[in-house]
**Q** 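Shown below is the structure under consideration.
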Amino acid sequence: MRAESPVLVVENLDFGFEGRALLESINWQVGSHEFVALVGPNGSGKSTLFKLLLGLHRPWRGRIRIDGRTPAQARDLVGYVPQFPTFSRDFPITVEGAVCTGSLGSRPSLLGFTRRDRLAAAQALREVGLAEFARRPIAHLSGGQLQRLLIARALMSRPRLMLLDEPTANVDQPGEASLFKLLRRLNERMAIIVISHDVGFVSEYVTRVACLNRSLVCHPAGAVTADDIEAMYGRPMHMVHHHTQAEGPH
Amino acid sequence: MLLFIDALKTHAFLQHALIAGLLVSVACGVIGSYVVVKRIGYLAGGIAHAVLGGMGVAYFLGADPMNGALLCAVLVALLIGVVKLYWGQQEDTAIGALWAVGMALGVVMISQTPGYSVDLMSYLFGNILMVPASELWRMGVLDLCILGIVALFQKQFLAVAFDEEFARVRGLQVPFFYLLLLVLIALTVVLLIQMVGLILVIAMLTLPAAIAGQYVRTLGWMMALASLLGLAFNAAGLALSYAPGLPAGATIILVAGSAYLLSVLIRGLVQRRH
């Protein structure tokens, strides 16, 4: 881990639903160039923690600061990529149009998307390797391409922290490696937190692994053992090492 | 057809009907596209039918039934919207209840109006041939309001229609824009009632947009094509109904329905070939 100022600071965070605690005493700092995997069993609160960071839920106790600001004030500093597209694939919109919606909310604006928005969208699409798809309808994209579109949309607000919720859930293995190479490139200018169930695969790329199950424990990427995973999931688990091309030239 | 064209040159009521069709088609194409892509046809149907309650009350009180329709449509739209936003699970029940209660209230109020003589059928199935010049002005103003608001907030409406969750993440006031969209749907419903009546509103609101959606790549083009199709269906329905003396509103809907069926069949055949 590099010595650097944290872009994300979470202090003594408690949160739950209908009086039942889901997250307890979460203390967490993420450096501005860190690449962190957030792992944990189903229902452990990973997506809920993301929603807290995005300002969609308010903590019961504790505080969240992103670059010194509250989540509501820091919306432009956070990019979000959901696990599944939360839109209909047959919606009449081009790839460029869908990416442009990422510029919304940054500043109050009326009428249509501006030339500046379209230039930013073109840049984001180039960055994720979808430049030639700009004018195509989103219905023509494959699962992996759609995931890249979601990343391009998240890049529109020039985030300093990118949150990705299981970005490879619908992507095949070569696509998975390629997507993580892209994330590693983006990591040069922003912190990245990625939710994953595949500790073996993501540990090839990330600098730290944050294990969440009600409370949060962080480990350096290479130091997560089967015992750590077993303690977190509460049942016997096997660590599987993937032989990917992650170590190859990028 | 020639008979219709000749009559169009001489009869003001036909010219009014055609202008009304044009005004309605634009609003229908724009707002209908949102209804189709957001899949809220049932919600729009609920607003349309509940409007009879407002018309009945206005008629009972001696006021203009169209003013009652306007007020009632907006109120019902906001009520359904609030239920959807804050009690999501109960949306269908709320729509169904407002749909039936609104119609029942309308029928009761009309039946209790002293000197009962209102033609209930014209509210239910419209009468585009009876649109007075004063009504065209009201339609024009409503049209301008709808188009102006959509033009102003087109990005926000696109975001809410396309991906509500992401719009929330970006800090957009989703409840406000969702309710505003429902109010625009309510205004369009009132525009359409005069033409095709409240029972057939849902067809004109969805069919042109549904056909357009099969051939275009963006919401803007969908709106433009749906508006043109709406205009063509209105003109064709009027022309076809004129000589045999068929009800114009119902004929317009039959034309739109046939075009939709034909379009679905053609698309199916084209896709099978590929």
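Just so we're on the same page: letters track the sequence lines, and every chain starts at 1.
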**Q** Could you go step by step and tell me if L56(A) and V169(B) meet the side chain to side chain contact (heavy atoms under 4.5 Å, CB included) rule?
**A** CA-CA 7 Å; L56(A) 297 179; V169(B) 167; 3.8 Å; yes

**Q** Using a 4.5 Å cut-off on heavy atoms from C-beta on, say whether the side chain of T218(B) contacts that of T94(A).
**A** yes

**Q** Quick one: pull up OG1 in T114(A) and NZ in K155(B) and give me the separation to the nearest 0.5 Å.
**A** 6.0 Å

**Q** What part of A167(B) lies closer than 4.5 angstrom to a heavy atom of chain A: side chain, backbone, both or neither?
**A** neither

**Q** Would you mind checking which part of I138(A) comes under 4.5 Å of any heavy atom in chain B, side chain (CB onward), backbone (N, CA, C, O), both or neither?
**A** side chain

**Q** Against chain A, work out which of M222(B), K38(B), R168(B) has the most heavy-atom pairs shorter than 4.5 Å and name it.
**A** R168(B)

**Q** To the closest 0.5 Å, what do you measure between CZ (F113(A)) and CD (Q154(B))?
**A** 8.0 Å

**Q** Give the minimum heavy-atom separation between V216(B) and P92(A), together with the two atoms involved.
**A** O-CB, 4.5 Å

**Q** D90(A), I93(A), V78(A): which one forms the most heavy-atom pairs within less than 4.5 Å of chain B?
**A** I93(A)

**Q** Using a 6.0 Å cut-off, check whether atom OH of Y260(B) has over 12 heavy atoms from anything other than its own residue.
**A** no

**Q** Counting heavy-atom pairs under 4.5 Å with chain B, which one of R136(A), R135(A), R75(A) comes out on top?
**A** R75(A)

**Q** Tell me, out of V150(B), D163(B), V36(B), who's got the most heavy-atom pairs with chain A below 4.5 Å.
**A** D163(B)

**Q** Tell me whether the count of non-hydrogen atoms from other residues, nucleotides or ligands lying under 6.0 Å of CZ in R61(A) goes above 12.
**A** yes

**Q** How far apart are the C-alpha atoms of D76(A) and R170(B), what are their side-chain angles, what is the distance that settles it, and do they pass the side chain to side chain contact (heavy atoms under 4.5 Å, CB included) test?
**A** CA-CA 8 Å; D76(A) 279 358; R170(B) 296 296 305 134; 2.8 Å; yes

**Q** Can you find a pair of side-chain heavy atoms, one from L158(B) and one from L104(A), that are under 4.5 Å apart?
**A** no

**Q** Against chain B, label F91(A) side chain, backbone, both or neither, depending on which of its atoms sit under 4.5 Å from a heavy atom there.
**A** side chain

**Q** Surrounding CZ of R89(A) (heavy atoms of other residues, nucleotides or ligands, distance under 6.0 Å), is the total greater than 12?
**A** yes

**Q** Quick check: are there more than 12 heavy atoms from other residues, nucleotides or ligands sitting under 6.0 Å from CD of Q123(A)?
**A** yes

**Q** What part of A98(A) gets closer than 4.5 Å to chain B, counting heavy atoms only: side chain, backbone, both or neither?
**A** both

